[in-house]
Amino acid sequence: MRNFTLGGLLLVLVLVASYPSDARLQLCKPSDKIKGTTPPPGECNKENDSDCCKAGETYTTYKCSPPVSGSTKAVLTINSFQKGGDGGGPSECDNKYHSDDTPVVALSTGWYTGGSRCLKNIIISGNGQSVTAMVVDECESTMGCDDDHEYQPRCPNNIVDASKAVWKALGVDEGDWGDLDITWSDA
């Protein structure tokens with residue numbers, strides 16, 4: 001174990017606070033990279049402003065996520081877990097689809113931990129509100145840009161991907177859905 005001086009600790013905090021927003025919260029090392037390809041016509045579902053992989057672009061992958069605490073910082077994104085939604089196939093935890101009116105989420109690979117949180121509740125806090133939601137899927141941080149992932153890039157390692165019901169419960173205006181700094185904890 002290393003000893004840090006107060007000045008060194010302040011420097012670390014300043015460096016973490018100055019990360020660009022795209023790199024926020026990515027406190028573990030990348031595990032690999034995947035190369036994007038152009039999706040076949042009509043194969044990338046762009047519901048909820050989902051991104052499609054771009055040919056030649058490189059996407060960093062992660063097997064880990066930031067450590068879980070009683071108030072874990074994350075980014076809330078929006079996903080449809082309904083049949084035909086941008087979430088793709090049925091949810092990993094129960095092989096079922098879930099209504100956009102049900103508070104459900106997918107967690108980045110490191111937080112999903114091989115399904116150990118499947119069908120368990122988490123508490124999400126943001127926009128001055130809190131909501132309880134059930135974990136039903138993995139937001140894959142190690143793969144993407146393929147048919148199984150609807151030709152969407154990998155998920156960052158700090159994502160709670162939530163149904164419309166979660167966004168509504170947090171009182172976020174529909175025009176602002178898509179990217180919100182939150183905290184979450186196991187319920």
Side-chain angles (χ1 to χ4, degrees), residues 9-10 12-29 47-51 60-82 85-88 91-94 96-142 144 152-187:
L9 181 59
L10 289 175
V12 169
L13 291 175
V14 167
L15 287 173
V16 169
S18 66
Y19 271 45
S21 63
D22 187 44
R24 65 185 171 193
L25 304 178
Q26 296 188 357
L27 301 175
C28 62
K29 293 183 181 179
E47 180 181 13
N48 296 318
D49 295 324
S50 293
D51 290 330
T60 303
T61 62
Y62 292 86
K63 292 180 182 173
C64 58
S65 291
V68 175
S69 67
S71 185
T72 305
K73 291 182 179 182
V75 177
L76 190 71
T77 56
I78 186 164
N79 190 21
S80 176
F81 297 86
Q82 295 185 151
D86 62 329
S91 297
E92 191 73 27
C93 292
D94 58 5
K96 294 179 182 177
Y97 292 99
H98 298 271
S99 167
D100 287 339
D101 297 325
T102 304
V104 294
V105 298
L107 296 177
S108 293
T109 297
W111 292 332
Y112 182 74
T113 58
S116 69
R117 288 190 168 87
C118 271
L119 307 179
K120 294 182 180 171
N121 289 330
I122 64 170
I123 300 168
I124 301 164
S125 299
N127 197 42
Q129 305 288 325
S130 291
V131 61
T132 300
M134 184 171 57
V135 176
V136 295
D137 211 345
E138 175 180 12
C139 193
E140 182 64 61
S141 303
T142 62
Q152 295 172 8
R154 59 68 191 122
C155 188
N157 70 338
N158 61 336
I159 297 297
V160 175
D161 204 18
S163 65
K164 291 177 182 180
V166 171
W167 287 87
K168 287 177 184 176
L170 292 176
V172 179
D173 292 332
E174 189 171 342
D176 295 330
W177 292 357
D179 190 327
L180 178 70
D181 289 333
I182 58 146
T183 59
W184 72 273
S185 63
D186 292 305

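Note that this is a predicted model, so its numbers are computed, not measured.
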CA sep, side-chain torsions, deciding dist, call: Gln82, Ser99, side chain to side chain contact (heavy atoms under 4.5 Å, CB included):
CA-CA 5 Å; Gln82 295 185 151; Ser99 167; 3.9 Å; yes
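- In this structure, Leu119 CG and Cys93 SG are separated by 5.0 Å, a value rounded to the nearest 0.5 Å.
- With respect to Val160, the side chain to side chain contact (heavy atoms under 4.5 Å, CB included) criterion is satisfied by exactly one of Val166, Thr183, Ile124, Asn79: Ile124.
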| said: Between Asp179 and Val75, does the side chain to side chain contact (heavy atoms under 4.5 Å, CB included) criterion hold? Intermediate values first, please. | reply: CA-CA 6 Å; Asp179 190 327; Val75 177; 3.2 Å; yes
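- Within the 4.5 Å cutoff, the side chain of Asp161 has no heavy atoms near those of the Val105 side chain.
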ask   = When you look at Val172 and Gln129, which way does the side chain to side chain contact (heavy atoms under 4.5 Å, CB included) test go after all the steps?
value = CA-CA 9 Å; Val172 179; Gln129 305 288 325; over 6 Å; no
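- One N or O on the side chain of Ser163 and one on the backbone of Val104 form a donor-acceptor pair closer than 3.5 Å.
- Remark: side-chain polar atoms of Asn127 are paired, donor with acceptor, to backbone N or O of Gly171 under 3.5 angstrom.
- Every residue two or more places apart in sequence or in another chain was checked for a side chain to side chain donor-acceptor pair (under 3.5 Å) with Ser91, and none qualifies.
- Put simply, OH on Tyr62 and CD on Glu140 are 14.5 Å apart, with the number rounded to the nearest 0.5 Å.
- Between the side chain of Ser108 and the backbone N or O of Gly110, no donor-acceptor pair lies under 3.5 Å.
- At a threshold of 4.5 Å between non-hydrogen side-chain atoms, the residues Asp101 and Lys168 count as touching.
- At distances below 3.5 Å, not a single donor-acceptor pair connects side-chain atoms of Asp173 with backbone N or O atoms of Gly175.
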Given the rule in the side chain to side chain donor-acceptor pair (under 3.5 Å) test, do Asp100 and Ser80 qualify, once you have shown the distances and angles that lead to the verdict?
CA-CA 6 Å; Asp100 287 339; Ser80 176; 3.0 Å; yes
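- Side-chain atoms of Lys164 and Ile78, non-hydrogen and from C-beta on, do get closer than 4.5 Å to each other.
- Of the inter-residue distances, the one linking Leu76 atom CG with Leu180 atom CG reads 5.5 Å to the nearest 0.5 angstrom.
- Taken from NZ in Lys29 to OG1 in Thr60, the straight-line distance is 14.5 Å, to the nearest 0.5 Å.
- Looking only at side-chain heavy atoms (C-beta outward), Phe81 and Lys96 stay at 4.5 Å or farther from each other.
- The existence of a salt bridge linking Arg117 and Asp186 is confirmed by a sub-4.0 Å separation between a basic side-chain nitrogen and an acidic carboxylate oxygen.
- Residue pairs that meet the side chain to side chain donor-acceptor pair (under 3.5 Å) test with at least one member in residues 130-139, sequence neighbours left out, are Thr109-Glu138, Ser125-Ser130.
- No side-chain heavy atom of Met134 sits under 4.5 Å from any side-chain heavy atom of Pro103.
- Side-chain atoms of Ser185 do not come within 3.5 Å of backbone N or O of Ser71 as any donor-acceptor pair.
- Within the model, atoms CD1 of Ile182 and OG1 of Thr77 stand 9.0 Å from one another, a figure rounded to the nearest 0.5 Å.
- One finds the OG1 atom of Thr61 at 8.0 Å from the CZ atom of Arg154 (value rounded to the nearest 0.5 Å).
- Residues satisfying the side-chain contact (heavy atoms from CB on, under 4.5 Å) criterion with Thr72, sequence neighbours excluded, are Val68, Ser69, Trp111, Trp184.
- The minimum heavy-atom distance between Val131 and Ala169, with the atom names listed, is CG2-CB, 3.4 Å.
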